[in-house]
Protein chains: 2
Amino acid sequence: MFKIGEIAKQAGVTTRTLRYYEQVGLFVPSNVSTKGYRYYDDGTLVVITRIRELQRVGLSLDEIKEVIGLYFHQKKKVEAKEKTLNYLRVHLDDIDSKIKLLNNVKKELKEQMQFTQSRLVQLRKKGRKSGGSKN
Amino acid sequence: MFKIGEIAKQAGVTTRTLRYYEQVGLFVPSNVSTKGYRYYDDGTLVVITRIRELQRVGLSLDEIKEVIGLYFHQKKKVEAKEKTLNYLRVHLDDIDSKIKLLNNVKKELKEQMQFTQSRLVQLRKKGRKSGGSKN
DNA sequence: TTCCACCTTTACCTTAACGATAAGGTTAAT
DNA sequence: ATTAACCTTATCGTTAAGGTAAAGGTGGAA
């Protein structure tokens, strides 16, 4: 069990961030002492990492809150499981559309790179012909 | 040439958004009348779309400002082109890392879906055995 | 027991990306 | 010339995701 400062360090975030995550309902400490100290196990580390990943690809904490539970096995009954499956599907669709977008962007960037690269070579040739030795 | 309300509509954003983009330096109207009216050509439409895409995949307007120019051919000289190429490379790396992240997330989601699905089937079997007809 | 590093809550501050409203000017069809 | 529909700048408000500081309580090593 780690104190808040310890997992914060391990996860590369501040304690403020962890308390904020707790406040918005992303997770709770595995254990809270009678004096109010928060203690976490290393499962929390995995959760934090996942949250950061999802944030990085553009999800808001609110959206993350909706889906974060999906990553961790939970015992529920039929109804709940069907709801979960629906969330999973929606989330997956969203991710697929983002992947497609990024691949488009990537393609155009590569084209642009080729274009720029070739223009650069041309400029260099001209530069040599007209006498410039450097640059 | 379109007035601001027209491209706004076509692009699916508000005029406020367009003026804000202008304010933060993302682009300028193709033309401004003496009375201050902004006029845009449909090239702007492409730019807006690209901005929205990049926003969707998690870039801030500040980051977008750094890279948006890269998508549109510009005549520059050698030095500038090399700088551009570097930006392109960095941007591409960032995108690649995001794609990888998303693919990981996707993989785990699919696993989780399989797991949930099979548990659901099991629960249904048990439900039938022990007498429940619906749910 | 002392002491420092760490913890607690509370509360105010900040930045990004707009939304909403006010007060007034413009355009173009009638 | 009038009028509706659009435009302008200016300003204030809002939400998200924390940062930062204040004032005080804890834990554990010496």
ILVMFWY network linking [X] to [Y], side-chain heavy atoms under 4.5 angstrom:
X: B:Val24; Y: B:Ile48; answer: yes
X: B:Tyr39; Y: B:Ile7; answer: no
X: B:Leu70; Y: B:Phe72; answer: yes
X: B:Val46; Y: B:Ile51; answer: yes

pair [X]-[Y]: side-chain heavy atoms closer than 4.5 Å:
X: B:Leu88; Y: B:Leu92; value: no
X: B:Tyr20; Y: B:Leu61; value: yes
X: B:Tyr40; Y: B:Asn31; value: no
X: B:Asp94; Y: B:Val90; value: no

Taking only N/O atoms, report every protein-nucleotides 24-26 of chain C pair under 3.5 Å with atom names and distance.
| residue | atom | partner | partner atom | Å |
| --- | --- | --- | --- | --- |
| C:dG25 | N2 | B:Tyr37 | OH | 2.8 |
| C:dT26 | O4' | B:Tyr37 | OH | 3.3 |

Measure [atom1]/[X] against [atom2]/[N] and give the value in whole Å, please.
X: B:Arg38; N: C:dT27; atom1: CZ; atom2: C1'; value: 17 Å
X: A:Glu6; N: C:dA5; atom1: CD; atom2: C1'; value: 12 Å
X: A:Phe2; N: C:dA5; atom1: CZ; atom2: C1'; value: 19 Å

Among A:Asn103, A:Asp93, A:Leu59, find the one that has a side chain to side chain contact (heavy atoms under 4.5 Å, CB included) with A:Lys98.
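Result: among A:Asn103, A:Asp93, A:Leu59, A:Leu59 is the only option passing the side chain to side chain contact (heavy atoms under 4.5 Å, CB included) with A:Lys98.
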How would you give the extent of chain B contacts on DNA chain D, as first and last nucleotide 5' to 3' within a 4.0 Å heavy-atom cut-off?
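From 5' to 3', the first and last contacting nucleotides are D:dC6 to D:dT9.
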So which protein nitrogen or oxygen atoms get under 3.5 Å of nucleotides 28-30 of chain C's nitrogens or oxygens?
none

Could you list by number each residue of residues 12-22 of chain B showing a heavy-atom separation from DNA chain C of less than 4.0 Å, or answer none if no residue does?
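Residues of residues 12-22 of chain B that come under 4.0 Å of DNA chain C are, in numerical order, B:Thr14, B:Arg16, B:Thr17, B:Tyr20, B:Tyr21.
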For residues 44-70 of chain B, which residues have at least one heavy atom under 4.0 Å from DNA chain C?
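Nucleic-acid contacts, sorted: B:Arg52, B:Gln55, B:Ser60, B:Leu61.
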Would you say that more than 12 heavy atoms from the other residues, nucleotides or ligands in this model lie under 6.0 Å from the CZ of A:Arg19, or not?
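Yes - once you tally the heavy atoms of other residues, nucleotides and ligands closer than 6.0 Å, there are more than 12.
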Does atom CD (B:Gln122) have a neighbourhood of more than 12 heavy atoms from anything else shown, all under 6.0 Å?
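Yes.
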Where do B:Val105 and A:His91 land on the side chain to side chain contact (heavy atoms under 4.5 Å, CB included) test, with the steps shown first?
CA-CA 10 Å; B:Val105 168; A:His91 189 29; 4.3 Å; yes
Looking at residues at least two apart in the chain, or sitting in another chain, which of them share a salt bridge (Lys or Arg N to Asp or Glu O under 4.0 Å) with B:Lys106?
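So B:Lys106 forms a salt bridge (Lys or Arg N to Asp or Glu O under 4.0 Å) with A:Asp96.
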Please walk me through it: do B:Val67 and B:Arg50 pass side chain to side chain contact (heavy atoms under 4.5 Å, CB included)?
CA-CA 11 Å; B:Val67 303; B:Arg50 174 54 34 105; over 6 Å; no
Between A:Ser33 and A:Val24, which is nearer to the 5' end of DNA chain D once each is assigned its nearest nucleotide?
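On the 5' side of the pair lies A:Val24.
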Would you check, one step at a time, whether the test side-chain hydrogen bond (donor to acceptor under 3.5 Å, both in side chains) holds for B:Glu66 with B:Tyr87?
CA-CA 8 Å; B:Glu66 292 279 300; B:Tyr87 272 127; 3.3 Å; yes
